[in-house]
Amino acid sequence: MAVIARLDAAIRARRGADPDSSHTARLFAKGPLKCAQKFGEEAVEAVIAASVDDREELKLESADALYHLMVMLASRGLSLADVARVLEAREGVSGIAEKASRKKT
């Protein structure tokens, strides 16, 4: 999806930018913990929309959650491409087998 690549580029361009210049720059200035908190808030809002079967709200909240996921990842030096590589490595492996193979901590 080209829009995801454009959004990723826009998010990365805002790192180190003046916090008064954009919402993304403001999130980065507040640090990774704030970025994680915002992602959590948006994810909960998406869950609520799904729970009450509000499809329009679910689309909107999912877009917000995806944006905030990307900001959170970027705040820790990661991207959706890094996540995609994990998914590619798991492709063709049963979810049960993959989960069982994870290290126990």
Which pair of non-hydrogen atoms, one from [X] and one from [Y], has the smallest distance, and what is that distance?
| X | Y | value |
| --- | --- | --- |
| A25 | S21 | CB-OG, 4.1 Å |
| L27 | K38 | CD2-CG, 3.6 Å |
| L58 | A46 | CD1-O, 3.3 Å |
| R12 | L78 | NH2-O, 2.7 Å |

Q | From CA spacing to verdict: side-chain contact (heavy atoms from CB on, under 4.5 Å), V71, F28 | A | CA-CA 8 Å; V71 171; F28 281 135; 4.1 Å; yes
### Message
Taking transitive links into account, so neighbours of neighbours count too, which hydrophobic residues share a cluster with V44 at under 4.5 Å side-chain distance?
### Response
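I48, all in the cluster of V44.
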- Task: Please assess R85 against E88 for the test salt bridge (Lys or Arg N to Asp or Glu O under 4.0 Å), listing each intermediate value before the final yes or no.
- Result: CA-CA 5 Å; R85 284 189 283 281; E88 286 172 348; over 6 Å; no
Next on the checklist: If hydrophobic clusters are built from ILVMFWY residues whose side chains come within less than 4.5 Å, do L60 and V47 share one?
Outcome noted: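 In one cluster with L60: V47, no.
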Checklist entry - Same hydrophobic cluster for L69 and V3, using side-chain heavy-atom links shorter than 4.5 Å among ILVMFWY? => result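 L69 clusters together with V3.
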From [X] atom [atom1] to [Y] atom [atom2], the distance as rounded to the nearest 0.5 Å:
| X | Y | atom1 | atom2 | answer |
| --- | --- | --- | --- | --- |
| I96 | S101 | CD1 | OG | 12.5 Å |
| R14 | R26 | CZ | CZ | 12.5 Å |
| E42 | Q37 | CD | CD | 11.0 Å |
| F39 | D64 | CZ | CG | 11.5 Å |
| S75 | K30 | OG | NZ | 14.0 Å |

* So do the side chains of R76 and M72 get within less than 4.5 Å of each other, counting heavy atoms only? ->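 Of all side-chain heavy-atom pairs linking M72 with R76, none is under 4.5 Å.
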Identify the residue among L7, L87, L73 that makes a side-chain contact (heavy atoms from CB on, under 4.5 Å) with L80.
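Answer to the side-chain contact (heavy atoms from CB on, under 4.5 Å) test with L80 among L7, L87, L73: L73.
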Taking it one step at a time, do I4 and M70 satisfy side-chain contact (heavy atoms from CB on, under 4.5 Å)?
CA-CA 9 Å; I4 299 295; M70 294 172 71; 4.1 Å; yes
_Side-chain donor/acceptor of R15 to backbone N/O of I11, under 3.5 Å_ =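 Judged by distance alone, no pair lies under 3.5 Å.
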- Query: Is the side chain of S62 donor-acceptor paired with the backbone N or O of K59 at a distance under 3.5 Å, no angle test?
  - Reply: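 No, S62 side chain to K59 backbone: no donor-acceptor pair under 3.5 Å.
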